[in-house]
Amino acid sequence: MSYVLGHSGRELARLGVQAQLVEPITRRFLLDAGIGSGMRVLDVGSGAGDVAFLAAELVGESGEVVGVDRSAAALTLARSRAEERGITNVSFLEGDPTSTAFARPFDGAIGRYVLQFQIDPAAMLQTVADHVRPDGVVVFHELDWDGVRSFPPVPTYDNTCRLCSAAIGSAAETRMGGKLFSTFLAAGLRAPTLRLEALTGVAEPLRMVAGLAGSLAEKIEQLGLARAADLDPDTLYAAMLAEARESQSMVVGTFQFGAWSRV
């Protein structure tokens, strides 16, 4: 599928904010799955490198992380960030993770928010798993829009979530998290271990969906759902926050699913 969010400077900046918000969740998934010191790890769909950098921290100086992505712009940023941070145990390759050849197998393969954009996620998962040695681990972190809600209702938040879900759903799978179990089995992998978390409270889920709406504004307008001019992230965030505080609401973001299995 086409990557509906694109790779503009604005989107890459949004991905950085998103990475900070969900990093603790991804970290717990990777640690529980057994990603650790000395491992050689493949990160598919690396983007600007956030998951690769997290994995590089977990595998340590004796380990290695190879990130692969189709976007040259995202990888240019990833390499620059690695150099700025002095991270020497990670490298990035431009290309399709399913068709890239590697000199030797990996101890693990990981990905975040990648399978949702695949026409055949099970086929991609199977191809990625082929790069992992026997008894190595495959770990994916995917989201599911079925989880979003607010109580008492925060109208601007609820409506913005509907707009974002519709825009993403026009070119991707919005329920990928809930489909991870069946996808692992369809890929010929063992039944995966599953974890479910979510960003809850007020500020974090509101900030995440406001930024997403900004990146999807043109697509939302193309679909005839709302005007792009009405989807400025800062304005949306301020309106949602005011409503949530006024009604003393609890906000739940997208469900965050982690799944992993041994090859």
Side-chain angles (χ1 to χ4, degrees), residues 3-28 47-51 53-54 73-74 77 81 112-113 116-117 141-177 196-257:
Y3 183 61
V4 65
L5 289 160
H7 293 94
S8 66
R10 180 178 189 172
E11 169 60 7
L12 291 175
R14 183 199 70 82
L15 288 173
V17 175
Q18 174 181 270
Q20 293 177 3
L21 294 174
V22 300
E23 188 270 357
I25 298 175
T26 305
R27 178 184 293 272
R28 286 189 285 272
D50 293 288
V51 176
F53 297 148
L54 172 56
L77 177 58
R81 295 174 72 198
R112 182 171 71 193
Y113 304 162
Q116 64 177 318
F117 296 106
H141 175 176
E142 297 286 337
L143 52 75
D144 192 319
W145 279 87
D146 189 50
V148 296
R149 63 203 66 201
S150 61
F151 184 81
V154 180
T156 302
Y157 172 74
D158 294 340
N159 184 57
T160 303
C161 286
R162 283 192 290 269
L163 295 174
C164 290
S165 179
I168 293 174
S170 69
E173 174 56 69
T174 60
R175 301 293 307 280
M176 192 65 236
L196 169 60
E197 297 195 27
L199 293 176
T200 58
V202 179
E204 289 186 347
L206 297 186
R207 184 176 295 114
M208 191 161 174
V209 79
L212 188 60
S215 288
L216 289 168
E218 291 186 8
K219 183 65 175 179
I220 291 171
E221 185 169 82
Q222 288 172 8
L223 292 171
L225 301 175
R227 296 192 313 155
D230 296 330
L231 298 172
D232 173 71
D234 293 336
T235 303
L236 278 176
Y237 177 69
M240 291 187 289
L241 189 61
E243 290 176 8
R245 287 175 172 170
E246 175 67 24
S247 57
Q248 297 184 323
S249 298
M250 181 192 75
V251 178
V252 180
T254 50
F255 283 161
Q256 308 285 325
F257 280 89

Nearest heavy-atom contact between W145 and C161 is CZ3-O, 3.7 Å

Heavy-atom pair of closest approach, residues V202 and A244:
CG1-CB, 3.9 Å

Donor-acceptor contact below 3.5 Å, side chain S249 vs main chain S150:
no

Are any non-hydrogen side-chain atoms of [X] and [Y] less than 4.5 angstrom apart?
X	Y	result
V148	Y157	yes
S247	F151	no
T160	L212	no
T174	Q116	no
Q18	Y113	yes

Applying salt bridge (charged side-chain N to carboxylate O under 4.0 Å, His left out), which residue pairs with at least one partner in residues 239-252 are found, sequence neighbours left out?
none

Drop me the distance from [X]'s [atom1] to [Y]'s [atom2], to the nearest 0.5 angstrom.
X	Y	atom1	atom2	answer
D230	E221	CG	CD	9.0 Å
L196	Q256	CG	CD	9.0 Å
L216	C164	CG	SG	5.0 Å
R207	R14	CZ	CZ	13.5 Å
L231	R227	CG	CZ	9.5 Å
L241	L206	CG	CG	6.5 Å

Tell me, yes or no, whether the heavy-atom count around Q222 atom CD, taken from other residues, nucleotides or ligands under 6.0 Å, exceeds 12.
yes

Hits for salt bridge (charged side-chain N to carboxylate O under 4.0 Å, His left out) against R81, two or more places apart or cross-chain, chain-then-number order -> D50

